[in-house]
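Note sheet for the following structure.
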Amino acid sequence: MTDTLLNKTPQLDLNITISYQQFDLAIVLPIPLKGITGVFGHSASGKSTLLRAISGLETPLKGDITLAGKSLVNTEKNIYLKPENRQVGLVFQNSRLFPHLTVLGNLEYAVKRCKNRQLSFDKVVELTELTPLLSHQVRELSGGQQQRVALARAILAEPKLLLLDEPLSALDQHSKTKLLKMMLNIQKQLDLPMLYVSHSLDELQQVCDTLLVLEKGEVLNFGNIHQVIHQLNNYGDNAIIHQQTSLDLPIKTFDNGHGLTALALNAQQDIFLLSDKAFEQQNQLRCFILASDISITLTEPVSSSIVNHLFGVIKQIDNQENNVLLTVHCGSQDFFVTISAFSQQKLSLTIRQQVYLQFKAGAVRTFIH
Amino acid sequence: MINSDLQALITTLEMATLTTIILLIIGTPLAWYLAKMTSRFKVIIEAVVALPLVLPPTVLGFYLLIAFSPEHLPGKLWQQATGQQLAFSFSAIVIGSVLYSLPFVVQPLQKAFEQLGDTLLEAGALLGAGPIDRFFSIVLPLTKASFITAASLGFAHTVGEFGVILMIGGNIPGETRVLSIALFDHVEAFDYARAHLLSICLLLGSMVLLAAIYWLNLPKINKAKGLSSQANRKEGNPDD
């Protein structure tokens with residue numbers, strides 16, 4: 001019994017209700033404290049409120065929150081830990097740095113109040129690349145730099161769980177990519193579990209292992225990120241995402257002469273996408289293909305300019321107004337394809353029919369692009 | 001005779017200093033409470049705090065005189081606790097001054113706390129800082145200018161006080177005889193030379209004090225404003 005408890009991944013157990021004017025936020029869910037868990041949903045779906053509830057900033061709630069066995073809130077037992085006693089960190093959308101302190105002063109603010117002090121200050125500064133900025137005033141920093149200071153400051157408080165509330169939304173694409181990579185690296189190096197709220201699925205698809213989808217305050221889906229994205233494809237006309245195939249594949253070869261990178265889909269089939277310098281440091285790549293970017297042919301398109309063509313079998317056909325969503329099984333991977341109802345009739349597609357999928361290398365997207 | 005004016009100056013400074021200290025001690029939590037308060041009773045408390053700004057000082061003095069008399073509860077309790085009469089004492093003019101100068105301390109602090117908002121305090125709490133810690137490590141450094149303004153205005157306004165003290169002080173040398181009362185006495189006695197002397201001293205003193213506040217605060221406020229708006233601009237347009 002003790003052994004199984006010890007081996008079990010620590011969890012964040014949520015069982016909370018928060019009343020709102022438009023809807024109630026009601027979440028009953030154990031979230032394993034492992035890697036980065038994404039929280040996705042449209043605005044007013046309750047994402048930020050959830051983070052505020054976990055961190056202790058959202059006070060009027062009912063239920064209980066347990067973090068790695070420690071009760072943070074239990075309204076029945078009248079337990080309500082203050083934010084400063086929860087060991088939960090939060091990086092806000094706007095960095096919320098203390099303007100009267102330097103970068104170093106902001107970081108020391110967290111260190112001075114940290115009870116454990118297990119982390120090396122220098123290591124965190126190095127991971128967030130802040131060494132040259134330590135003596136700067138925070139108002140001299142760019143948005144991306146400010147968020148790096150906010151991230152480092154939150155980490156130095158040594159939380160058991162780090163919450164990130166749209167940390168990239170105010171940044172440009174270049175800063176976003178940089179910070180996202182930094183977060184992934186920090187998560188791995190420090191083994192710090194994170195809960196990452198965003199309305200950008202592309203961001204989450206890059207870094208999260210698990211995805212929680214909220215809609216109007218309720219859990220719509222929770223689980224492996226690729227599976228959840230594929231489940232979201234099937235919400236038909238109410239889809240809250242662009243229907244897509246989400247992939248995490250090993251990089252096989254770089255064809256630098258043609259500017260293409262090959263990803264191994266399975267033993268027989270590869271997917272090609274446009275190369276990027278950033279790929280060279282990686283051996284695994286996360287990417288996605290929008291369902292509207294894939295087309296279907298009944299014969300192998302041997303003389304086409306389109307580089308990717310995969311052989312597969314139609315598994316499912318869903319009619320959606322003027323479109324049809326096809327789920328096509330290629331090797332061990334499902335692909336999602338939307339075609340017009342007109343084309344579906346013309347090709348008279350049926351379940352278990354063998355087809356070829358076609359898509360351009362440029363249709364295979366990564367967040368880096 | 002000049003000695004009596006010097007005595008009045010010392011009494012005035014003692015009263016104003018003590019009043020300012022008390023005002024900061026009670027005015028800070030009151031201003032904080034008002035800044036964070038969302039109840040509809042807020043306007044009533046705000047009106048009570050602001051009342052000395054519009055009320056004739058003699059009205060306040062009149063009610064305080066009645067309250068401080070040994071026949072009424074506040075005066076009676078004071079007498080039981082200290083063995084001395086409250087009306088016509090140094091303590092009475094300090095209490096009167098505290099009430100009279102309250103808005104001059106509470107209002108700038110309330111405004112500063114409102115402007116500061118909750119965002120940085122939430123950030124502090126999540127880094128492990130408790131409420132007292134947050135006050136000294138975040139609120140105080142960021143609202144320092146408003147504390148200087150509040151303390152200086154409270155002090156200067158107390159020095160310039162006349163009506164309330166006239167009603168509850170009783171013009172006792174070394175106890176309740178302050179500069180403004182001494183000046184009034186000189187005018188009453190047609191001693192215009194000494195009235196001039198006191199007037200010019202009060203005028204210059206007030207002038208120097210106010211100039212000192214503006215000198216201390218204004219450049220910093222301007223600087224902070226300029227830089228914070230610069231930071232805001234940067235926020236939307238980051239380049240890393």
Side-chain angles (χ1 to χ4, degrees), chain A residues 52 55-58 82-101 105-116 129 137-148 150 153-154 156-159 162-163 168 170-179, chain B residues 32-33 36-39 109 111-149 216-217 219-240:
Chain A
R52 291 181 66 83
S55 60
L57 300 176
E58 188 80 21
K82 289 180 179 165
E84 56 265 33
N85 300 325
R86 291 197 177 194
Q87 287 184 288
V88 171
L90 177 53
V91 176
F92 299 91
Q93 190 173 346
N94 46 354
S95 59
R96 299 200 187 182
L97 300 179
F98 302 126
H100 58 297
L101 301 174
N106 269 276
L107 300 183
E108 281 176 338
Y109 193 96
V111 174
K112 275 179 200 159
R113 287 156 182 86
C114 174
K115 289 174 187 91
N116 296 327
E129 296 172 25
Q137 294 295 320
V138 293
R139 52 177 184 259
E140 295 167 357
L141 305 179
S142 71
Q145 291 167 334
Q146 289 186 358
Q147 280 306 67
R148 268 154 53 198
R153 187 178 71 170
L156 285 166
E158 299 187 21
L162 182 62
L163 309 174
L168 309 185
L171 307 182
D172 62 42
Q173 191 59 35
H174 175 72
S175 306
K176 273 185 188 173
T177 314
K178 184 172 178 176
L179 204 65
Chain B
W32 185 264
Y33 184 66
K36 302 294 162 195
M37 199 174 171
T38 49
S39 150
L109 291 182
K111 200 160 279 173
F113 295 154
E114 280 167 356
Q115 273 177 1
L116 183 64
D118 288 329
T119 54
L120 293 175
L121 298 173
E122 287 181 353
L126 287 161
L127 296 170
I132 305 290
D133 184 1
R134 294 199 291 270
F135 179 79
F136 285 102
S137 62
I138 302 169
V139 178
L140 201 56
L142 288 173
T143 56
K144 201 169 57 189
S146 298
F147 271 94
I148 294 172
T149 305
L216 267 174
N217 275 351
K220 275 186 197 157
I221 289 168
N222 283 345
K223 204 169 147 196
K225 265 187 190 160
L227 288 165
S228 72
S229 62
Q230 194 184 341
N232 287 339
R233 276 203 302 282
K234 266 190 179 172
E235 204 165 297
N237 178 25
D239 54 312
D240 199 0

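Under the 3.5 Å distance criterion, the side-chain polar atoms of A:Arg96 are matched with a main-chain donor or acceptor of B:Thr119.
For the residue pair B:Ser137 and A:His100, the shortest heavy atom distance occurs at O-NE2, 2.9 Å. Here the closest non-hydrogen pair linking A:Ala154 and B:Leu127 is CA-CD2, 4.2 Å.
Within the 4.5 angstrom heavy-atom criterion, atoms from both the backbone and the side chain of A:Arg153 approach chain B. In this structure, chain B has no heavy atom under 4.5 Å from any part of A:Leu179.
Atom CZ of A:Phe92 sits about 9.5 Å away from atom CG of B:Leu120, to the nearest 0.5 Å. Going from atom CG of B:Leu142 over to atom CZ of A:Phe98 covers 9.0 Å, rounded to the nearest 0.5 Å.
Taking the side chain as every heavy atom from C-beta outward, B:Arg134 and A:Glu84 approach each other to under 4.5 Å. Between B:Leu126 and A:Pro159, every side-chain heavy-atom pair lies at or beyond the 4.5 Å cut-off.
Top candidate by heavy-atom pairs under 4.5 Å with chain A, chosen from B:Gly130, B:Ala129, B:Gly124, B:Pro141, is B:Ala129.
Other residues, nucleotides and ligands contribute over 12 non-hydrogen atoms within 6.0 Å of the NZ atom of B:Lys36.
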